[in-house]
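Working notes, beginning with the structure itself.
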Amino acid sequence: MAGITKSAGSAGLTVDAESLRAQLDLEGGAESDIALPVHRLAQGAGRDPGVLAATLAEGFPPDPAIARVAAHGAYLNFRVDTPRLAAATLAAVLGLGPGYGGGPPTPARACVEHTSANPTGPFHIGRVRNAIIGDTLARVLRVSGVPVTTQYYVDDMGRQATMITWIWSMPRDAWPAPIRATVEGEEVPGEKPDRYRGRPYPAVSAYLKEHAEAREAVAALVRAIETGQAPAEHHALAQQILDGMLSSLARLHIHFDEFVWESRFVADGSVDRVLDRLRAAPHAMREENGALAIDAAGHGLPKESTRVVVQRGDGTSLYVTRDIAYHLEKFARFDRVIDVLGQDHQLHARTLAALLEEIGEARRPSFVIYQDITVPEGGRMSTRGGSAVWLDQLLEEAVSRARKEVLTRREDLPDSEVDRIAEAVATAAIRYHVVRVAPEKPVVFRWEDALSFEGRSGPFVQYSYARASSVLRKGGADRPPYPFDAALLTDPEEAALVRTLAGFPRAVAYAARTAHVHTIAGYAHELADRFNRFYHAVPVLKSGAERETRIALVAAVRQTLGNALDLLGIAPLERM
RNA sequence: GGGCGCGUAGCUUAGCCUGGAUAGGGCACCGGGUUCCUAACCCGGCGGUCGAGGGUUCAAAUCCCUCCGCGCCCGCCA
């Protein structure tokens, strides 16, 4: 940087280092590691860009970090000094270990709320994107130095959960026939509770559409729950189904720090306090039947959704109102509040923000919105339409395929090890497949894509990690120290690998700043890819004087790959 | 109708915030590579009007406008 300003100075230009920095291309191209297009400078000075680039290259003072400067057309290309970069990078990776890529601790506490699926049945693929994005984001923020608490908001207040209680609190012979049919005949002993208890749900939902008296019964139950008169089994049913869903998520290495039950905000009076504030809000209005609404026009909501009802005519609360209470609590405990939401909740998010403004609350959550996972036939995955694929089904299929893959290449492993590897490979494939796409892009669920173990996949990264582990193992270099002489790393593949390694902290910082966690998946693939190329091009254990140094490089790759896998919630494998 | 998002080779995806040099991967397809550290790998090839049109700019996949197509939402559901 200083070199450029100096060179520009001797060429008779004054340049602002700040604006110059913004123009630098840090990724570089085929010819460079760092590039500077000089068009803008040339234009400002009324010079010819090509000539100016050449002049600047000529006048560039020697810099130990820069091996070579050359003008190429209107571009100034810098090649960094590989040994120097390698020395710094290897020292950082090997010195920091699991901490490489992370940031210093920061005091601002964050809450990441994600998943929060209603406890009404098994977890399906349509919901898994939320869980994977949310969990990955929490991991990325944590290593970036942010103290993160993850929360799962359990809706035990709404109609959905109430429908489960309604049906299960009735004696079985009192169930309407079409609903009863869903649990009879194919009842499986020992079936997961989410599956078993969720079985009647689609039928109940359909039944209610046709039967007003059943709808009224459910509404009465909602009122009872609201006033603390919930049937004894209400909470236990929700907990059972939740436990079933959580055991599936646990296989994807997704866990939560806290579970926040929605009913709490009704029970502790905070919803009432929110309603008091809403009643006093500038745009509150009372509907004919006693319902309370807010005219939220002027808060930037789309035209036809400005009248927001916050309390039903029968006095019961609504989801958005309870959500305000929940957010007020989050604001009291955390400095940053992040909600991971499907795009179908987009309007809810904006409504929430509008209502927070209505009651004079200055703070807002930030939202990570992702598009749905759809089925190939079109449309979202639906339990009722029978298009839902359960996460458990996907896991089962993935494990069975992974097992087959392991067995075709490893006959030497004990069964327990095969199982362990198959499970790890299966979850890697699923997590990677879901997280690799930018959240704003829609994803169509296809079995063959979700179960891919090669190319741009989780298992590919795991494989590279296992390969690096194998090299270290065979080289008798399982543990530090890893002495190295960076001056020996002169092969182009080594240089490229070092540059990729050096880019990890930047990749993590970017993901943390933008919540675009899919970029970590891209980085992991890039590093694995570079390592595989290096592996094929350059001998490690069979090399001569470079052996120690290359072993150190492999150790650094293994460490960084491991750190990236950890961010993705994927288990590293020493062998596979 | 309104709001939000998306549209990049046969399929899939990165890049868009912060405009720069021949738009980067993967799958599929074609051709190679294993007496050698794990072939879930590597090398080469094929394949692109970056949805369409206009504008801004020395320079547009990227910024602005219009249009087209697809998805979601517009409940006293969550």
Side-chain angles (χ1 to χ4, degrees), chain A residues 22-23 25 27 29-32 35-40 42-43 49 72-75 77 116 118 120 155 157-161 262 287 289-293 300-306 308-314 316 318-320 322-323 342-350 369-372 374 378-380 402 405-406 408-410 425 436-444 446 448-449 452-457 459-460 462-464 466-475 513-514 516 518-519 521-522 525-526 528-529 532-533 535-537 539-543 550 554 575-576:
Chain A
Q23 291 177 50
D25 174 11
E27 300 302 318
E31 332 240 338
S32 65
L36 177 74
V38 301
H39 307 84
R40 216 181 319 227
Q43 199 170 24
H72 188 99
Y75 295 85
N77 290 326
S116 300
N118 287 345
T120 54
D155 177 12
M157 287 295 299
R159 275 183 191 158
Q160 267 84 336
E262 203 177 347
E287 304 290 310
N289 67 352
L292 179 65
L301 290 181
K303 277 185 229 158
E304 284 145 40
S305 13
T306 52
V308 182
V309 175
V310 295
Q311 185 182 35
R312 291 194 185 98
D314 66 4
T316 53
L318 286 154
Y319 174 73
V320 68
R322 290 171 299 218
D323 210 19
Q343 72 152 344
D344 53 334
H345 282 62
Q346 171 94 253
L347 182 60
H348 169 73
R350 295 219 275 153
I369 307 281
Y370 62 92
Q371 300 290 309
D372 299 301
T374 57
R380 272 190 297 168
E405 292 293 323
V406 178
T408 60
R409 49 201 110 202
R410 308 287 303 235
V425 167
R436 61 184 235 283
V437 178
E440 61 271 18
K441 302 265 192 176
V443 168
V444 178
R446 293 190 188 86
E448 61 274 25
D449 293 345
S452 167
F453 297 157
E454 22 180 76
R456 205 178 165 223
S457 72
F460 174 89
Q462 278 177 317
Y463 178 75
S464 308
R467 178 176 255 175
S469 301
S470 174
V471 170
L472 296 177
R473 200 163 48 234
K474 295 226 164 112
R513 177 171 67 81
T514 60
H516 267 177
H518 68 285
T519 56
H525 177 262
E526 163 86 16
D529 186 47
N532 283 321
R533 283 196 245 175
Y535 176 87
H536 282 282
V540 177
L541 300 181
K542 295 186 176 71
S543 59
R550 288 187 180 152
V554 172
R575 63 192 85 220
M576 63 187 277

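Fair warning: this is a prediction, and the values are worked out from it, not measured in the lab.
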Think [X] has a side-chain N or O under 4.0 angstrom from the OP1 or OP2 of [N]?
{"X": "A/R312", "N": "B/G75", "value": "no"}
{"X": "A/R533", "N": "B/C42", "value": "no"}
{"X": "A/R380", "N": "B/C70", "value": "no"}

What is the base-pairing partner of [N], counting Watson-Crick and G-U wobble geometry with both distances under 3.5 Å?
{"N": "B/G48", "value": "none"}
{"N": "B/G7", "value": "B/C68"}
{"N": "B/A39", "value": "none"}
{"N": "B/C63", "value": "B/G55"}
{"N": "B/C16", "value": "none"}
{"N": "B/A28", "value": "none"}

Next on the checklist: Restricting to non-hydrogen atoms, name the atom on A/P49 and the atom on A/V38 that form the minimum distance, rounded to 0.1 Å.
Outcome noted: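 Reported closest heavy-atom pair: O-CG2, 3.4 Å.
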
Next on the checklist: Show the nearest heavy-atom pair for residues A/Q343 and A/I369, with the distance to one decimal.
Outcome noted: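 Closest approach of A/Q343 to A/I369, heavy atoms only: CA-CG2, 3.6 Å.
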
Item to check | RNA chain B: 5'-proximal contact among A/S469 and A/A528 (nearest heavy atom) | outcome: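 Taking each residue's closest nucleotide, the earlier one in sequence belongs to A/S469.
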
Can you measure [X] atom [atom1] to [N] atom [atom2] for me and round it to whole angstrom units?
{"X": "A/Y535", "N": "B/U38", "atom1": "OH", "atom2": "P", "answer": "5 Å"}
{"X": "A/R322", "N": "B/C76", "atom1": "CZ", "atom2": "C1'", "answer": "12 Å"}
{"X": "A/L292", "N": "B/C76", "atom1": "CG", "atom2": "C1'", "answer": "11 Å"}
{"X": "A/H348", "N": "B/C77", "atom1": "NE2", "atom2": "P", "answer": "14 Å"}
{"X": "A/H72", "N": "B/A21", "atom1": "NE2", "atom2": "P", "answer": "11 Å"}
{"X": "A/R40", "N": "B/A60", "atom1": "CZ", "atom2": "C1'", "answer": "13 Å"}
{"X": "A/R575", "N": "B/U38", "atom1": "CZ", "atom2": "P", "answer": "11 Å"}
{"X": "A/E448", "N": "B/A40", "atom1": "CD", "atom2": "C1'", "answer": "18 Å"}

Checklist outcome for this item: Scoring nucleotides 13-18 of chain B by protein non-hydrogen atoms under 4.0 Å (B base, S sugar-phosphate only, - none) yields SSS-BB

Nearest to the [X] side chain among [options], which nucleotide is it?
{"X": "A/R350", "options": "B/U12, B/C41, B/G3", "result": "B/G3"}
{"X": "A/R473", "options": "B/G26, B/A40, B/U38", "result": "B/U38"}
{"X": "A/E454", "options": "B/C72, B/A28, B/C77", "result": "B/A28"}
{"X": "A/N77", "options": "B/U38, B/C76, B/A21", "result": "B/A21"}
{"X": "A/L318", "options": "B/C73, B/C76, B/G33", "result": "B/C76"}
{"X": "A/D372", "options": "B/C72, B/C36, B/A40", "result": "B/C72"}
{"X": "A/H525", "options": "B/G26, B/C42, B/A40", "result": "B/G26"}

Check every strand shown and say whether [X] touches a base, only sugar-phosphate, or nothing at a heavy-atom separation below 4.0 Å.
{"X": "A/V320", "value": "nothing"}
{"X": "A/V406", "value": "base"}
{"X": "A/R409", "value": "base"}
{"X": "A/Q462", "value": "nothing"}
{"X": "A/M576", "value": "base"}
{"X": "A/N289", "value": "base"}
{"X": "A/F453", "value": "base"}

Next on the checklist: So, using side chain to side chain donor-acceptor pair (under 3.5 Å) as the criterion, who are the partners of A/E262 when residues are at least two apart?
Outcome noted: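 If we apply the side chain to side chain donor-acceptor pair (under 3.5 Å) test to A/E262, skipping adjacent residues, the hits are A/R322.
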
Checklist entry - So, do A/Q462 and A/S457 sit near enough that their side-chain heavy atoms are less than 4.5 Å apart? => result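 With C-beta onward as the side chain, the pair stays apart.
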
Checklist entry - Under 3.5 Å, side chain of A/T408 to main-chain N/O of A/E405, donor-acceptor pair present? => result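 Side chain of A/T408 to backbone of A/E405: a pair is present.
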
Checklist entry - Do A/Q346 and B/G3 share a donor-acceptor pair, side chain to base, under 3.5 Å? => result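 Looking at the base of B/G3, it does not pair with any donor or acceptor on the side chain of A/Q346 (distance under 3.5 Å).
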
Checklist entry - Under 3.5 Å, is there an N or O donor on one side and an acceptor on the other linking the side chain of A/D314 and the base of B/C76? => result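 Side chain to base: no pair below 3.5 Å.
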
Checklist entry - Without hydrogens or angle criteria, can the side chains of A/T316 and A/D314 be said to hold a donor-acceptor pair below 3.5 Å? => result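 There is such a pair between these side chains.
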
